[in-house]
Amino acid sequence: MPVSRRIKEVQEASRSINRFHSQYGKRRSDPAICDFTFGNPHELPLAGLVSALRSHAVPDNESWFAYKTSEIEPQRFLAEHVGRELGLSFEPTDFALTPGAFAAISLVFHLILDPGDEAIFCEPAWPCYEPMLLAANAVPRKVPLVVPTFELDFAAIDAAIGPRTRLLIVNTPHNPTGRIYTGDVLKELSNLLERASRRIGHRIYLLSDEPYRRLRFDARKFDSPAAFYPRTFIAYSYGKVLLSPGQRLGYMAISPLMPREDRRAIQEAIIPAQMSIGWCFPNAVMQYAIPDLETLSIDQGALAHRRDRLVPALRQAGYDPLMPEGTFYLWCKWPEGDPDRHWNALADRNVFVIPGAMMNAPGYFRISLTASDEMVERALPLFMEARRGT
Ligand SMILES: Cc1ncc(COP(=O)(O)O)c(C=O)c1O
C-alpha cells in the first residue's frame, strides 16, 4: 500500500466532500446551473484587488521574488490595523502570514498539538477540521451545537474535555449557520475553559477561526474570542472578504493577552513550524499587497439583497432557513422527507446546494450567497417547483 495510514484516514474523513465535489465538478462550469455550493466568485474580481496585484507584481529591487517568510512591513501594518479593529495591542511578531486560513489552522495544529492530543470542535462544522487534525496526528472530538439556534452547547463542550484535551476550535461568524457568537457567550466560554484547564491540570488553547469576520449583516458587532481568552490563536483569510480564494492569503495571530512566556515560545517556534509544514508562507506579491487589500470588500449590500430575496421565497416554498448574522451562507432545513430526494429534486432542476450531510447535519442544506443575482432570480421558482415535485 503506497499511501500512509495517516493519509488513508484523511481520505476516509474527506470522503463525503470528495464524492460531492466529483459529482458537482462535472457540472460546475455549465452556465445552466444555479451554483449555490462553494464560496466561489461568479462575477469578475474586485477592481481594487486586480490593480493591487498588478502594481505589486512589478519588482522594485533584486530580491522582490526572493524567498519570503513573514515580511516585517505587512506584520507591522497588521499589528496596527487589526489591533485597532479588535481592540488588542499586537506586536508585529504576533502575526504569521500564511496562504489563507487553511494554512493558519494547520500551523496552529502543528505548533501546539502532540500526537494523540485531542481537539474539540462543534458540529455542523467546516468539513476540513477533521482531516486536518488527522493529518497532524491529533484526535478530533466533535460536539453538537444546540439545534435549532446553533448556539454553543457549554455543557456538551465541558463534558467533552478530558485529560488529553489541548485545543478548542471556535468558528465565528460560523460556517455553515451564519451565527455570530456574542461577547457574553465568549466570556462564558472563556470562564469554562479556565475552569476546565484547572480541572485537567494543563492549559487548553483556543483557536478562533474567523475568516468571515468582516462579512456581517445588519451592522452586527463582532467580538473575537482572542479578546476574552488569553491563550487564543486567530486564523484569518482574505479569500472570503475579497471573494478570491484562489489568491492564497491570510494569517495566524497570537492573542496579545497570552502570558508572556507562552507568547515568546510560540513566536520563536512559528518560522520553524511554517518551514516544516512545507514553507507555508504566502507568495511575495500577496504579502506586498496587504495594505492595499486590507480595506477592500465584496459588496455586502448585494449579499444582503440575495439573502432577503431567498429567505421569504424559501419559507413560502416550505423550506426553513435560519436568518444568517454573518458569513455569505444561508443555512436551511429541508422539509419533511428524504433529504437525498430533496437534493436530487433541486439538482434535476439545475439548482446545486451543499447537502448538510457533508457536515453531519443531513436535515439541512447550505446555500452560498456568492451566486450571482441572475442565478438567484432563476432559482426562486425552481425551489418551489422542486418542493412540489417531492
Ligand atoms: C470556517 C472556515 N475556516 C477556514 C476556511 C479556509 O479558508 P481559506 O480557503 O480562505 O484558507 C474556510 C473556507 O471555506 C472556512 O469556511
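If you read the sequence from its start, that first residue is 1, and numbering goes on from there. Atoms within a ligand are numbered from 1 in the order they appear, just like the ligands themselves. All values below come from the heavy atoms of this structure, side chains included, with hydrogens, waters and symmetry mates left out.
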Check each heavy atom of Y129 against ligand 1 and say whether those closer than 4.0 Å belong to the side chain, the backbone, both or neither.
side chain
Going by heavy atoms, is Y212 under 4.0 Å from ligand 1?
yes
Please tell me whether D299 and H305 have a donor and an acceptor in their side chains that are separated by less than 3.5 angstrom.
no
Do N191 and Y229 pair up side chain to side chain, a donor and an acceptor below 3.5 Å, judged on atom types alone?
no
Which option out of K240, Q247, M132 puts a heavy atom nearest to atom 13 (C) of ligand 1?
K240
Do any nitrogen or oxygen atoms of G100 lie less than 3.5 angstrom from nitrogen or oxygen atoms of ligand 1?
no
Enumerated ligand 1 atoms positioned under 4.0 Å from heavy atoms of N171
1 (C)
Just to be sure I read this right, does ligand 1 sit under 4.0 Å from the backbone of W126, its side chain, both, or neither, counting only heavy atoms?
side chain
Any side-chain donor-acceptor pair under 3.5 Å between T93 and Q75?
no
To which protein heavy atom is atom 2 (C) of ligand 1 closest, and what is the distance rounded to 0.1 Å?
D209 OD2, 3.3 Å
Suppose we measure from atom 10 (O) of ligand 1 to each protein heavy atom; which comes out shortest, and what is that distance?
S237 OG, 2.5 Å
Does the side chain of R366 pick up a donor-acceptor pair with the side chain of N175 at under 3.5 Å?
yes
Are any of the side-chain nitrogens in E325 or R216 under 4.0 Å away from the carboxylate oxygens of its partner?
no
Among the heavy atoms of P211, does any lie under 4.0 Å from an atom of ligand 1?
yes
Between E91 and R264, is the closest basic N to carboxylate O distance under 4.0 Å?
yes
Using a plain distance cutoff, I'd like to know if N175 has any nitrogen or oxygen under 3.5 Å from a nitrogen or oxygen of ligand 1.
yes
Give yes if a backbone or side-chain nitrogen or oxygen of F102 is under 3.5 Å from a nitrogen or oxygen of ligand 1, and no if not.
yes
Numbering as shown, the atoms of ligand 1 that approach A101 to under 4.0 Å (heavy-atom distance)
4 (C), 6 (C), 7 (O), 8 (P), 11 (O)
Ignoring hydrogens and angles, tell me if any N or O in the side chain of R213 forms a donor-acceptor pair with the backbone of Y236 under 3.5 Å.
no
Inspect the surroundings of CD in Q316 and state if more than 12 heavy atoms from other residues, nucleotides or ligands are less than 6.0 Å away.
no
Judged by non-hydrogen atoms, does R248 sit under 4.0 Å from ligand 1?
yes
Donor-acceptor contact below 3.5 Å, side chain T177 vs main chain W331
no
